[in-house]
Amino acid sequence: MPKSKIAPKVGIVSLGCPKALVDSERIITRLRAEGYELSPEYAGADLVLVNTCGFLDSARTESLDAIGEALSENGKVIVTGCLGKEEELIRASHPDVLAITGPHQYESVMQAVRAHLPPKRDPKIDLVPEAGFRLTPRHYAYLKISEGCNNRCSFCIIPSIRGDLASRPINAVLKEAEALVKAGVKEILVISQDTSAYGLDIKYAESKWRDRQVPARFLDLARELGELGVWIRLHYVYPYPHVDDVIPLMAEGKVLPYLDIPFQHASPRILKAMRRPANNSRVLERIAKWRSVCPDLTIRSSFIVGFPGETEDDFETLLDFIEEAGIDRAGCFKYENVEGAASRDLDDHLDQELIDERWERFMEVQTTLADARGQAMIGRDIEVIVDGWDEDAGAYAARSKADAPEIDGVVLIETDRKLADGAILTVTVAAAAGHELTAAPRD
Ligand code: SF4
């Protein structure tokens with residue numbers, strides 16, 4: 001097809017979380033539908049779009065740096081994403097950006113692109129895959145089920161950036177998931193700000209899926225996704241009571257036995273000051289019950305250390321919790337005094353030195369737990385999905401059901417066989433170093 005001679009080219013820099021990545025994918029789908037081509041390099045692009053993150057101060061700095069780099073390398077830059085809400089801040093350091101739009105403002109981004117780089121092709125002749133364009137490898141994809149959040153955690157400014165919870169109709173979500181599977185996706189990662197609250201804002205409205213009416217509820221969504229025959233991984237789930245109902249689907253193998261629950265802390269008084277949703281004192285009991293139903297359950301979580309007012313006792317409660325709850329994968333963030341967050345106004349902010357020290361102690365405990373977990377895997381047969389050849393390791397990089405891409409561990413497969421990306425096979429674990437396992441195909 002004679003296209004590249006005339007098609008205007010757009011470069012995309014995508015920063016931030018998986019939700020921002022999904023935004024970038026949607027923008028790319030729209031760009032391709034309107035006849036734009038993508039450029040992997042600044043030099044080949046007629047214009048560069050920077051999809052920013054504004055969650056933590058460190059992410060804001062990274063976003064501003066990325067805008068500066070795109071301006072000096074290319075010169076024509078449009079900014080979108082979470083930091084786009086703060087136009088003044090961006091203009092103060094980068095007055096030459098062409099346009100600034102906020103998160104998930106797909107139409108505004110497209111208008112800005114059209115204004116500064118008019119499309120030259122007839123969209124009717126461009127083929128867009130049914131599943132849209134994706135930035136993740138072909139075998140896994142993120143599925144965004146809602147935007148925004150109804151919670152008001154005191155350290156977080158996401159609701160002020162992204163607004164209240166806005167769930168997508170369940171048939172739209174399922175249709176997208178089905179199209180992804182048809183396009184070859186073997187693993188779907190369900191994301192949102194608060195996955196277990198799905199449908200609350202639309203009163204769990206039913207919509208027609210195949211020959212049935214299906215309500216927009218977390219459990220129905222998990223059950224229907226579980227029928228697609230691919231790995232389904234649930235992220236950002238809060239321990240609301242109805243989460244118990246999804247555990248049997250994990251035990252049956254319909255949904256991966258993996259829950260990403262951002263607990264953030266374990267001390268009741270810190271959780272209260274954080275204004276965390278579903279904060280109850282019986283979490284340990286609940287987790288034990290989940291494990292009795294689904295013994296292979298992996299729990300990933302993230303925590304914040306050094307929150308204002310956190311005492312040594314609170315911190316030790318947190319360390320005890322990750323051990324007692326058997327948190328399998330634990331990420332740890334140092335508290336940051338984010339501009340606009342309610343927690344800035346709390347008393348008793350901790351010195352940075354103390355925050356750093358607690359972070360180190362957390363990481364020591366988490367490393368010890370990860371090592372023990374890794375050793376316990378030696379000799380076990382596990383199912384893995386292949387992500388591709390890892391040149392540095394001289395082995396195939398794969399992931400077990402306990403490992404989400406980018407954030408968890410890796411299983412290195414040593415074999416002379418050729419393994420395709422997205423292949424799912426059973427391997428026997430031979431060695432472990434923390435969350436990195438080395439294995440060989442079983443047969
Ligand atoms: S649940 Fe809390 S931390 Fe998560 S997006 Fe909502 S307000 Fe922010």
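If you're wondering where the values come from, they're calculated on a predicted model, not measured in any experiment. When a ligand or atom number is given, it counts from 1 through the structure's own listing order.
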Inter-residue atom distance I304.CD1 - W359.CH2, 0.5 Å rounding: 14.5 Å
Partner of D328 by salt bridge (Lys or Arg N to Asp or Glu O under 4.0 Å), out of R300, K401, R291: R291
Pairwise distance CG(L83) to CD1(I67) - rounded to 0.5 angstrom: 6.0 Å
Salt-bridge contact R282-E285 (side-chain N to carboxylate O under 4.0 Å): yes
Backbone N/O of K144 and side chain of R168: donor-acceptor pair under 3.5 Å: yes
Per-atom contacts of ligand 1 with Y238, taking only distances under 4.0 Å to non-hydrogen atoms: 1 (S), 4 (Fe)
Atom OH of Y42 with >12 non-hydrogen neighbours under 6.0 angstrom: yes
Contact atoms of ligand 1, heavy-atom distance to R276 under 4.0 Å: 2 (Fe), 3 (S)
2.8 Å cut-off (strict), protein N, O or S atoms about atom 8 (Fe) of ligand 1: 1
Sidechain-backbone polar pair: S63 side chain, C53 backbone, donor-acceptor under 3.5 Å: yes
